[in-house]
Amino acid sequence: MGTDIYEVIEIRREGHWEVAHLLPLLDTDKSFSDPEWERHWSHPAFINRNYRLFSVLANVRNSFGILPIDTARGLPLDASAESRQRFSYHSHSATRNSPQVTWVSLRELLAYDWDQWTTDSRHGHEPPRSLREEVEPFYSVTLPYLQSLLKNPDDLRLICDFD
């Protein structure tokens with residue numbers, strides 16, 4: 001059983017944070033083979049299961065020696081009402097191991113050192129790998145897409161939980 005990410009992207013407009021509904025709406029009763037799922041999965045804002053990325057975002061499933069942006073910060077104090085509702089099913093205590101609600105700004109993601117090399121401590125015989133390549137398509141598709149949405153990278157943040 002793996003760990004998944006549950007995320008919300010918020011954008012600050014006129015001093016207030018609001019959820020940016022970027023992904024196409026999804027009817028979860030439809031089969032995975034339905035084209036609606038493919039539109040959802042192929043959208044540039046979609047974030048798939050990627051443990052190296054989870055390690056960067058919040059030190060979750062980090063067997064790679066990756067320095068995270070931060071550990072679980074909890075829900076931002078000024079989170080939108082919609083985000084508060086979406087994440088209300090979890091305790092926001094930083095002392096819980098899982099789930100770990102956290103957030104990172106677009107500025108932090110853009111400033112992060114994606115050029116580091118990583119190894120997986122579970123597979124010591126594998127050669128080091130480029131973090132930038134290992135988090136794809138996040139680095140080359142998702143980050144540029146998010147950056148294209150606004151001028152100030154401080155006005156966009158990713159709030160996420162891992163379960």
Side-chain angles (χ1 to χ4, degrees), residues 1-13 17-64 66 68-76 79-90 92 98-116 118 120 129-163:
M1 185 167 191
T3 300
D4 289 312
I5 186 170
Y6 302 92
E7 75 275 7
V8 168
I9 295 171
E10 285 191 332
I11 293 178
R12 183 171 36 204
R13 292 191 173 100
W17 290 98
E18 58 188 57
V19 173
H21 297 277
L22 304 175
L23 292 172
L25 292 176
L26 191 59
D27 180 353
T28 55
D29 291 331
K30 291 189 177 181
S31 164
F32 286 155
S33 63
D34 188 282
E36 189 173 301
W37 280 94
E38 181 56 35
R39 283 191 300 277
H40 183 83
W41 290 329
S42 64
H43 192 279
F46 178 74
I47 300 174
N48 202 357
R49 180 185 291 174
N50 183 311
Y51 294 157
R52 284 175 175 85
L53 179 59
F54 297 176
S55 299
V56 169
L57 296 175
N59 205 33
V60 171
R61 298 293 294 251
N62 191 355
S63 62
F64 312 102
I66 293 172
I69 291 174
D70 206 339
T71 56
R73 295 173 167 169
L75 199 62
S80 68
E82 184 175 347
S83 290
R84 289 186 179 286
Q85 190 278 327
R86 285 195 189 183
F87 293 103
S88 66
Y89 55 90
H90 293 298
H92 307 302
S98 180
Q100 297 187 18
V101 177
T102 194
W103 62 273
V104 295
S105 71
L106 179 57
R107 179 174 303 282
E108 290 172 304
L109 291 168
L110 294 172
Y112 188 76
D113 177 16
W114 298 100
D115 291 324
Q116 60 188 289
T118 68
D120 190 338
R129 297 180 180 186
S130 161
L131 179 60
R132 180 185 299 234
E133 293 172 3
E134 291 295 313
V135 299
E136 288 298 352
F138 184 81
Y139 184 82
S140 66
V141 176
T142 305
L143 274 179
Y145 172 73
L146 296 176
Q147 193 172 13
S148 75
L149 298 175
L150 39 75
K151 291 181 182 176
N152 185 348
D154 291 321
D155 289 336
L156 187 146
R157 66 184 172 197
L158 171 68
I159 303 174
C160 49
D161 190 8
F162 306 89
D163 193 19

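Computed over heavy atoms, backbone and side chain alike; hydrogens, waters and symmetry mates excluded.
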With sequence neighbours left out, write down each residue that passes side chain to side chain contact (heavy atoms under 4.5 Å, CB included) with Ser130, or none if nothing qualifies.
Trp117, Arg132, Glu133

Applying side chain to side chain contact (heavy atoms under 4.5 Å, CB included), name anything that partners His21, two or more places apart in sequence or on another chain.
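Side chain to side chain contact (heavy atoms under 4.5 Å, CB included) check on His21 returns Val19, Glu82, Arg86.
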
What's the shortest heavy-atom distance between [X] and [Y], and which atoms?
X	Y	answer
Phe87	Asp161	CE2-CB, 3.7 Å
Leu23	Ala45	CD2-C, 3.9 Å
Ile5	Ile47	CG2-O, 3.7 Å
His43	Leu22	NE2-O, 3.0 Å
Pro76	Arg84	O-NH2, 3.4 Å
Arg61	Ser55	O-OG, 3.6 Å

What's the separation between atom [atom1] in [X] and atom [atom2] in [Y], rounded to the nearest 0.5 Å?
X	Y	atom1	atom2	value
Glu108	Arg157	CD	CZ	11.0 Å
Arg13	Asp155	CZ	CG	9.5 Å
Phe54	Asn62	CZ	CG	12.5 Å
Thr118	Arg129	OG1	CZ	7.5 Å
Ile69	Asp113	CD1	CG	11.0 Å
Tyr112	Ile66	OH	CD1	6.0 Å

Partner residues of [X] under the side chain to side chain donor-acceptor pair (under 3.5 Å) criterion, sequence neighbours left out:
X	value
Trp114	none
Gln147	none
Glu134	Arg52
Asn48	none

Are the side chains of [Y] and [X] in contact, using a 4.5 Å heavy-atom criterion?
X	Y	result
Leu106	Leu150	yes
Leu131	Val56	yes
Leu75	Trp103	no
Thr102	Phe162	yes

Spell out, as yes or no, whether a donor-acceptor pair under 3.5 Å connects the side chain of [X] to the backbone of [Y].
X	Y	value
Tyr51	Ser63	no
Gln100	Val60	no
Thr71	Ala58	no

Assess the residue pair Leu109 and Phe138 against the criterion (side chain to side chain contact (heavy atoms under 4.5 Å, CB included)); give the C-alpha distance rounded to whole Å, side-chain angles, the decisive distance to 0.1 Å, and a yes or no.
CA-CA 10 Å; Leu109 291 168; Phe138 184 81; 4.1 Å; yes

